[in-house]
Amino acid sequence: MTTSTQTPAPTPTRSSAHPPRAFSGARTLATAARVLRQLRHDPRSIALMILVPCVMLFLLRYVFDADARTFDAIGASLLGIFPLITMFLVTSIATLRERTSGTLERLLALPLGKADLIAGYALAFGALAVVQSLLATGLAVWGLGLDVVGSPWLLLLVALLDALLGTALGLFVSAFASSEFQAVQFMPAVIFPQLLLCGLFTARENMHPVLEAFSNVLPMSYAVDGMSEVLRHSDVTGDFVRDILIVAGCAILVLGLGAATLRRRTA
């Protein structure tokens with residue numbers, strides 16, 4: 001008589017137990033709420049994000065106290081650059097803490113999609129970016145007398161997109177740092193070249209052709225160009241639309257790259 005043997009069922013792996021799920025607005029909002037609750041207990045990070053751009057603009061205004069036209073010329077550009085820098089710094093460090101503390105490791109073991117996680121982080125820091133941009137724009141235009149031809153709301157739009165771009169860059173580079181010190185070290189590599197080549201110090205067409213070509217692919221260049229369009233034109237120009245679309249597109253692209261770096265480090 002032939003005896004049949006039964007093949008034991010395979011033990012479900014972690015990935016089969018929790019297959020990837022589609023993007024969920026509810027899970028994204030829950031992630032954002034958790035991040036905001038944690039940030040609420042970190043007043044230094046909140047102060048860095050909310051107050052530092054305002055303080056820097058205030059100092060800049062009175063550095064050029066004898067020549068208000070200089071502040072008008074560069075104040076609008078820096079209104080977009082300061083939020084980008086501060087959001088990059090805070091986001092990269094805060095996200096790195098989540099990685100090193102094991103929080104992201106535990107979250108990735110749950111049936112939670114990468115898109116939910118990255119969108120939740122972006123939404124939480126984006127909410128702070130809105131507050132930051134409102135305060136900085138209001139201070140520059142109505143408090144410090146920044147003279148712009150276009151609408152202050154367009155300045156706010158560019159400042160907000162710059163802050164969101166800084167958030168996306170911070171989320172992305174946090175994957176490549178193992179300590180907060182290393183996260184800060186990414187600033188010279190990621191931010192400083194853009195700061196030098198964005199056209200703040202000299203027109204980009206006056207640079208060496210190689211540097212000009214390089215500046216044409218850096219998102220901060222288009223952030224500065226967008227601010228300059230608002231500074232000089234009362235209407236929305238085609239160049240302004242191009243600039244903000246490029247900045248927004250770069251932010252979305254980098255967020256996608258940041259989602260790709262969200263992976264478990266242990267089996």
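Nearest heavy-atom pair, V141 versus P152, reported as atom, atom and distance to 0.1 Å: CG1-CG, 4.0 Å. Among all heavy-atom pairs drawn from G226 and D243, the shortest one is N-OD2, 3.3 Å. Residue P219 comes nearest to C250 through the heavy atom pair CB-SG, 3.8 Å, listed as atom of the first residue, atom of the second, then distance. The shortest non-hydrogen separation linking A223 to D162 is CB-OD1, 3.0 Å. Taking every heavy atom of both residues into account, Y222 and L218 meet most closely at CD1-O, 3.4 Å. The minimum heavy-atom distance between E212 and M207, with the atom names listed, is N-CB, 4.2 Å.
Without hydrogens or angle criteria, T167 side chain to A163 main chain gives a donor-acceptor distance under 3.5 Å. At distances below 3.5 Å, not a single donor-acceptor pair connects side-chain atoms of H233 with backbone N or O atoms of D235.
If you chain together hydrophobic residues whose side chains sit under 4.5 Å apart, F192 and F201 fall into the same group. Cluster annotation: L245 is connected to F240 through the hydrophobic network of ILVMFWY side chains, with a link wherever side-chain heavy atoms come within less than 4.5 Å. Hydrophobic clustering keeps V131 apart from L160 (ILVMFWY residues linked when any side-chain heavy atoms are closer than 4.5 Å, directly or through intermediates). When the side chains of ILVMFWY residues are joined at heavy-atom separations under 4.5 Å, either directly or via intervening members, L60 and F58 end up in a single hydrophobic cluster. Neither I252 nor V247 shares a network with the other; the hydrophobic side chains, linked directly or stepwise wherever heavy atoms of I, L, V, M, F, W or Y lie under 4.5 Å apart, form separate groups for each.
With sequence neighbours excluded, no residue forms a ring pair (Phe, Tyr, Trp, His ring centres under 6.0 Å) with F181. F64 pairs by the ring pair (Phe, Tyr, Trp, His ring centres under 6.0 Å) definition with nothing, not counting sequence neighbours. Residues satisfying the side chain to side chain contact (heavy atoms under 4.5 Å, CB included) test with W153, not counting sequence neighbours, are S151, L156. Residues forming a side-chain hydrogen bond (donor to acceptor under 3.5 Å, both in side chains) with R242 (at least two apart in sequence, or on another chain): none. For V63, there are no side chain to side chain contact (heavy atoms under 4.5 Å, CB included) partners two or more places apart in sequence or in a different chain. N216 pairs by the side-chain hydrogen bond (donor to acceptor under 3.5 Å, both in side chains) definition with R204, not counting sequence neighbours. S234 pairs by the side chain to side chain contact (heavy atoms under 4.5 Å, CB included) definition with V149, not counting sequence neighbours. Considering only residues two or more places apart in sequence or on other chains, V217 meets the side chain to side chain contact (heavy atoms under 4.5 Å, CB included) condition with F214.
Interatomic distance, CG of L123 versus CG of L164, reported as 10.0 Å (0.5 Å rounding). Taking CD from E205 and OG from S215, the interatomic distance works out to 9.0 Å, rounded to the nearest 0.5 Å. One finds the CG atom of L134 at 12.5 Å from the CG atom of L139 (value rounded to the nearest 0.5 Å).
Taking the six-membered ring for Trp and thresholds of 30 and 60 degrees, Y121 and F125 have nearly parallel ring planes, at less than 30 degrees apart.
Using a 4.5 Å heavy-atom cutoff, the side chains of L155 and L146 are in contact. With contacts defined as side-chain heavy-atom distances shorter than 4.5 Å, the pair T91/S174 does not qualify. Contact check for L161 versus L157: side-chain heavy atoms found under the 4.5 Å cut-off. Side-chain atoms of S221 and Q194, non-hydrogen and from C-beta on, never get closer than 4.5 Å to each other.
Sorted by first then second residue, the salt bridge (Lys or Arg N to Asp or Glu O under 4.0 Å) pairs that include residues 38-53, not counting sequence neighbours, are D42-R97. Listed by first then second residue, pairs satisfying salt bridge (Lys or Arg N to Asp or Glu O under 4.0 Å) with a partner in residues 53-62 read R61-D65, not counting sequence neighbours.
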Side chain to side chain contact (heavy atoms under 4.5 Å, CB included) assessment of V148 paired with L154: CA-CA 10 Å; V148 294; L154 296 179; over 6 Å; no
Verdict with supporting geometry, Y62 and L144, side chain to side chain contact (heavy atoms under 4.5 Å, CB included): CA-CA 9 Å; Y62 289 102; L144 301 178; 4.2 Å; yes
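Residues V55 make up the rest of the hydrophobic cluster containing L59, defined by ILVMFWY side-chain heavy atoms closer than 4.5 Å, directly or through other members.
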Using distance only, find each side-chain donor-acceptor pair of residues 69-88 under 3.5 Å and give its atom names and separation, not counting sequence neighbours.
{"unit_1": "T70", "atom_1": "OG1", "unit_2": "D67", "atom_2": "OD2", "d": "2.7"}
{"unit_1": "D72", "atom_1": "OD1", "unit_2": "D147", "atom_2": "N", "d": "3.1"}
{"unit_1": "T86", "atom_1": "OG1", "unit_2": "F82", "atom_2": "O", "d": "3.1"}
{"unit_1": "T86", "atom_1": "OG1", "unit_2": "P83", "atom_2": "O", "d": "3.2"}
{"unit_1": "T86", "atom_1": "OG1", "unit_2": "Q132", "atom_2": "NE2", "d": "2.8"}

